[in-house]
> 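Please read through the structure below; I'll follow up with questions.
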Amino acid sequence: MGFSKNFVWGAATSSIQIEGASREDGKGENIWDVFCREPDKIFDGQNAEIACDHYHHYREDVKMMKEMGLQAYRFSIDWSRVLPEGRGSVNEKGIQFYNNLIDALLENGIEPYVTLYHWELPYELYKCGGWMNPQIVEWFGEYAKLVAERFSDRVSHFFTLNEPQCFVGQGFVTGNHAPGVKAPLRDTFEMAHNAMKAHGRAVQMLRQYGKQPLTIGYAPTCGMFCPDTDKPEDIEAARQAMFAMREDDSNWAWNVAWWSDPVILGHYPEEGLIRYEKYLPKITDEDLKLMSEPIDVYGQNIYNGCRVRMGEDGKPKYIERYAGSPRTAAGWPVTPECLLWGPRFLYERYQKPIYITENGISCTDVISADGKVHDSNRIDFLTGYLKALKEATQTADIRGYFQWSLMDNFEWSLGYTERFGLVYVDYRTQERIWKDSAYWYRDIIQSNGDTL
């Protein structure tokens, strides 16, 4: 068994991380534009005002994608570039940029996969309460309508929200991402509820105003859980851990089931309803019906996981990582088995075709004396993870894989310290240099993973 002949090989980016041009052509401010100007929030005071300057280099970037053999490109639209105030007047120059990008992709045989929201909340909407304001359900719906009207004649694949665990959890629970607020937990549950309703409203609007039949998905994240052995009881322990609420309420958002059960199954997980009862907003049947508006595919961003076994008390027991266990440059654990067990458990529970919407590694990449970037550790990492994903296709319907990321970019509060790209970016000159992994990935795509 291997990847299906229709398996989609791609790479992913987000607008704020690569576009730059943050003050050009009528773009409005988003919360990251503002957050980057706050003291001591971003490493070394860096910002995303230029980033990879993709706004001006998109043609060469698309040419690079074609040469790499990418079949698909997942990118996000900056809500504030097309609707500077988040609603109301449309910025036609922003629309034109995305039209040009979409056209360039199609001319080069690359399928565009559009993400509506990769954390680019217009600042004007934030000032009106942002995700705390229930009106955001309609604001997001109107934005989705605009996207459908302007782009769905050529784009048929859409994801609504990227990683709500992060934009609520890191934006408002821990406060280390934009807008940098540590909100009361009650507020964060309200935001989560509104975000999932906004997702549902966007699905409705995409369906209603789409110019062709659309494939619509959702792209959450979380750490995965893997059994320590192949014993049935350890597999069951990993399954239970995968969909459990986390031990620490102060970081409650980092879980799978709270964000995906309502969207796919139409109800919140019972464990969470009991545990978080004192924080919860009013939840109506109408809310749940909207959240669970039918979608076609399920995206999951997967980077790592942890091992568990069944304890003597009948509860999952977490296995400590051994001293010196492998880590990425960002300090994240290297656990390729998460791409085997994660999709398996997700498919069992949600019964939706799966895309791995992000997976990759930050490495300490440098330009070597020969002028090239030799990133053998990224090749080793991706080889292990993709082998695991290949095995996962035996137990789950997996439709595609998007490597994170096409190129080095602005890594949120870490600025430009982390390099996740297949392509090296010299931010002083905007030169793009293919890393060894880019050539390797091209070969993997050409063989449909048979050479792994």
Side-chain angles (χ1 to χ4, degrees), residues 13-56 58 75-99 101 114-133 135-147 150 160-164 166-168 170-172 175-183 187 191 194-195 198 202 409-416 427:
T13 64
S14 84
S15 59
I16 189 75
Q17 292 181 272
I18 67 165
E19 283 179 6
S22 65
R23 301 169 191 257
E24 288 187 43
D25 289 343
K27 178 188 164 333
E29 285 190 321
N30 63 47
I31 55 173
W32 278 95
D33 295 322
V34 175
F35 187 64
C36 286
R37 296 197 289 271
E38 291 286 312
D40 304 320
K41 297 297 186 184
I42 311 293
F43 175 82
D44 221 13
Q46 293 166 357
N47 61 61
E49 291 191 7
I50 299 174
C52 306
D53 201 23
H54 177 69
Y55 190 78
H56 298 110
Y58 73 90
F75 63 96
S76 72
I77 291 173
D78 186 334
W79 188 349
S80 67
R81 195 179 290 284
V82 297
L83 287 166
E85 297 183 354
R87 52 188 167 158
S89 61
V90 176
N91 178 26
E92 294 297 340
K93 288 186 176 178
I95 295 284
Q96 189 61 52
F97 166 69
Y98 293 111
N99 271 327
L101 173 60
V114 165
T115 302
L116 293 184
Y117 187 76
H118 200 129
W119 315 352
E120 313 91 349
L121 183 68
Y123 192 66
E124 292 302 312
L125 295 187
Y126 172 70
K127 285 160 56 178
C128 297
W131 293 107
M132 269 293 283
N133 189 332
Q135 290 182 69
I136 200 165
V137 175
E138 288 306 320
W139 297 337
F140 195 60
E142 286 301 306
Y143 164 53
K145 176 187 174 186
L146 174 68
V147 168
R150 299 303 188 93
T160 55
L161 304 178
N162 183 81
E163 298 187 340
C166 294
F167 70 74
V168 173
Q170 291 181 275
F172 297 94
N176 63 324
H177 276 191
V181 172
K182 285 192 175 183
D187 290 5
M191 292 179 207
N194 288 337
N409 55 43
F410 175 74
E411 185 54 30
W412 311 111
S413 59
L414 300 174
Y416 297 96
Y427 299 109

> Among Pro164, Ser15, Cys166, find the residue that satisfies the side-chain contact (heavy atoms from CB on, under 4.5 Å) test when tested with Trp119.
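The residue from Pro164, Ser15, Cys166 that satisfies side-chain contact (heavy atoms from CB on, under 4.5 Å) with Trp119 turns out to be Cys166.
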> May I ask you to decide if Arg81's main-chain N or O and Asn91's side chain share a donor-acceptor pair within less than 3.5 Å?
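Confirmed, Asn91 side chain pairs with Arg81 backbone.
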> Can the ring centroids of Trp131 and Phe167 be said to lie less than 6.0 angstrom from one another?
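Yes, the ring centres sit under 6.0 Å apart.
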> Is the backbone N or O of Asn409 less than 3.5 Å from a side-chain atom of Tyr427, with the two atoms forming a donor-acceptor pair by type?
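It does hold such a pair.
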> Mind checking whether Tyr143 and Phe140 have parallel, tilted or perpendicular rings, split at 30° and 60°?
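Tilted: the ring planes of Tyr143 and Phe140 meet at 30° to 60°.
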> Can you name the closest pair of heavy atoms from Gly88 and Leu83 and give their distance?
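So the two residues come closest at O-CD2, 3.6 Å.
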> Check whether the side chains of Ser14 and Ser76 place a donor and an acceptor atom closer than 3.5 Å, and report yes or no.
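Their side chains do not contain a donor-acceptor pair, so the 3.5 Å distance test is not met.
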> Are any non-hydrogen side-chain atoms of Glu19 and Glu120 less than 4.5 angstrom apart?
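Side chain of Glu19 against side chain of Glu120, heavy atoms only: no contact under 4.5 Å found.
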> Main chain of Trp79, side chain of Tyr117: is a donor-acceptor contact present, judged purely on distance under 3.5 Å?
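Answer holds: no.
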> If I take atom CG from residue Leu146 and atom CG from residue Leu116, how far apart are they, to the nearest 0.5 angstrom?
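If I round to the nearest 0.5 Å, the distance is 10.5 Å.
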> Under the side-chain hydrogen bond (donor to acceptor under 3.5 Å, both in side chains) rule, collect the residues that match up with Arg150, sequence neighbours excluded.
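Once residues adjacent in sequence are excluded, the partners of Arg150 under the side-chain hydrogen bond (donor to acceptor under 3.5 Å, both in side chains) criterion are Glu92.
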> Does Ser80 reach the main-chain N or O of Pro122 with its side chain, forming a donor-acceptor pair under 3.5 Å?
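Absent.
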> Measure the NE2-OG distance between His177 and Ser413 for me, rounded to the nearest 0.5 Å.
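Reported value, rounded in 0.5 Å steps: 4.0 Å.
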> Verify, without hydrogens or angle tests, whether Glu411 (side chain) and Tyr416 (backbone) share a donor-acceptor contact under 3.5 angstrom.
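No, Glu411 side chain to Tyr416 backbone: no donor-acceptor pair under 3.5 Å.
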> Is the backbone N or O of Asp33 less than 3.5 Å from a side-chain atom of Tyr123, with the two atoms forming a donor-acceptor pair by type?
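The answer is no, because no donor-acceptor pair under 3.5 Å joins these two groups.
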> My understanding is that only residues two or more places apart in sequence, or in another chain, count here; which of them pass ring-ring contact (aromatic ring centres under 6.0 Å, His included) with Phe75?
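Partners of Phe75 by the ring-ring contact (aromatic ring centres under 6.0 Å, His included) criterion, ordered by chain and then number, come out as Tyr73.
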> Side chain of Asn30, backbone of Trp32: donor and acceptor closer than 3.5 Å?
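Yes, the answer is positive, given that a donor and an acceptor are paired below the 3.5 Å cut-off.
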